[in-house]
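Structure first, commentary second.
Computation of the quantities below employed the complete heavy-atom set of this structure, encompassing side-chain atoms and omitting hydrogens, waters and symmetry-equivalent molecules.
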Amino acid sequence: MLLSSSFASPLQLHLTPNVGASAPRPALMGRISAMKQLTGRVVTTKANKTVGVEVVRLAPHPKYHRRERIKKKYQAHDPENQFKVGDVVELVASRPISKTKHFLAVPVPPRDTRRKAQLLPPLQSDEEEAAAPLSAQ
């Protein structure tokens, strides 16, 4: 009864030959997906070659629709034991290293807080103050 139904499963639709198509399809069509990028803060370094990283994300509350912080802790591989508590790291997906470790910890360069000052042209008063000590010598 189930096989004689007019509804077909997606698997059957995918496997049926494409009749009347102008160009043949490739045999293996892979799915294109972006790798998940996680960035978090190191919260523990007690285990050898392992760091605990807390990743914070914002998600809407199901009832009140206000965004709330959701924290999740991941174990990541740190082969040189280079990270300390408080460091910001990026987690890169890798093969399973142990039961709970599926990520590699990669350092993130520190954020430059002076970048805005570097992008803007200097003020005229700043140029005059910088030139004044040079002329006094």
Could you check if a side-chain atom of V85 sits within less than 4.5 angstrom of a side-chain atom of T44, using non-hydrogen atoms only? no
Any non-hydrogen side-chain atom of L58 less than 4.5 Å from a side-chain atom of E68? no
Which atom pairs, one a donor and one an acceptor, fall under 3.5 Å between side chains of residues 47-54 and the rest of the protein, sequence neighbours left out?
{"residue": "N48", "atom": "OD1", "partner": "N81", "partner atom": "ND2", "Å": "2.9"}
{"residue": "T50", "atom": "OG1", "partner": "N48", "partner atom": "O", "Å": "3.4"}
{"residue": "T50", "atom": "OG1", "partner": "K101", "partner atom": "NZ", "Å": "2.9"}

Show the nearest heavy-atom pair for residues [X] and [Y], with the distance to one decimal.
X	Y	result
F83	T45	O-CG2, 3.6 Å
G86	R41	O-NH1, 2.9 Å
K73	V43	CE-CG2, 3.9 Å
I70	A59	CD1-CB, 3.5 Å

Once you round to the nearest 0.5 Å, how far does NZ of K72 lie from CZ of R57? 8.5 Å
Worked check of side chain to side chain contact (heavy atoms under 4.5 Å, CB included) between L91 and V55: CA-CA 9 Å; L91 301 179; V55 176; 4.1 Å; yes
Cluster membership besides I97, Ile/Leu/Val/Met/Phe/Trp/Tyr side chains within less than 4.5 angstrom, sorted by chain and number, is L104
Determine which pairs satisfy ring-ring contact (aromatic ring centres under 6.0 Å, His included) with at least one residue from residues 60-80, sequence neighbours left out, and list them in order. H61-Y64, Y74-F103
